[in-house]
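Notes to accompany the following structure.
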Amino acid sequence: DAKTTQPPSMDCAEGRAANLPCNHSTISGNEYVYWYRQIHSQGPQYIIHGLKNNETNEMASLIITEDRKSSTLILPHATLRDTAVYYCIVLYNNDMRFGAGTRLTVKP
Amino acid sequence: NAGVTQTPKFQVLKTGQSMTLQCAQDMNHEYMSWYRQDPGMGLRLIHYSVGAGITDQGEVPNGYNVSRSTTEDFPLRLLSAAPSQTSVYFCASSYFEGYNEQFFGPGTRLTVL
């Protein structure tokens, strides 16, 4: 019963921007949106999080719509090492509920 | 810093056996948690701890016990292993509950025959 919906898979050309969408239409006013990724079978890695405003760090940018019902994670210049499963998470009773995520494949 | 470490990396058990998965962190994090990940699925929270001496159940706690006697260690005990517990187990930690930039360990791959 993850509170988010993501496409199961996406492809991206190496060097291009990867835009990963996430729907969270039932998000509450004080709930943050978190993004993690899991490369191969490693433990998940934190990417970024946000509440209302757009956020940027050294890894990615997070764009949250004004109504907060959806967001997009942007990897500005995808590399082959960005191939991974990307999870969009909204906290549920302070639990991080990981859904199935989006499998991003970056192709040469 | 070693970060979050987990042992063993791989384990095979027979049904009914018990064992403890070890997790340790050297970042002085108050919050620690255990997740399981079944093939093709996301992670599900088993148990968590907000500090030494305090533990609570997550989404799928049945068949597992935890304790937190020190800040650094958070072992997960399988009381009587079942094939349904075949999974990859991840331990994670963060500074405190609600600070959700969690650091994950490399995982333990458990097979129950």
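Letters go in sequence order (proteins before strands), and every chain restarts at 1. Atom set for the values below is all heavy atoms of this structure, side chains included, hydrogens, waters and symmetry mates excluded.
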Point to revise | Region of B:Q37 that comes under 4.5 Å of a non-hydrogen atom in chain A | key: side chain
**Study point:** Engaged part of B:R109 at the chain A interface, taking heavy atoms whose separation is under 4.5 Å
**Key:** side chain
Exercise for review: Carefully, step by step, assess B:Q11 and B:Y89 under the rule side-chain hydrogen bond (donor to acceptor under 3.5 Å, both in side chains).
Suggested key: CA-CA 11 Å; B:Q11 182 70 50; B:Y89 292 85; over 6 Å; no
Exercise for review: Scan A:Y86, A:Y87, A:F98 and name whichever one has a ring pair (Phe, Tyr, Trp, His ring centres under 6.0 Å) with A:Y36.
Suggested key: A:F98
Review point. Ignoring hydrogens and geometry, is there a side-chain-to-backbone donor-acceptor pair from A:S28 to A:E31 under 3.5 Å?
Key: no
Point to revise | Donor-acceptor pair, side chain of A:R68 and main chain of A:L51, under 3.5 angstrom | key: yes
Study note, to complete from the structure: One option among A:Q42, A:R103, A:Q38, A:Q45 has the most heavy-atom pairs under 4.5 Å with chain B, and it is A:Q38
**Study point:** Top contributor to chain B interface from A:G43, A:S41, A:G101, A:P44 [non-hydrogen pairs under 4.5 Å]
**Key:** A:P44
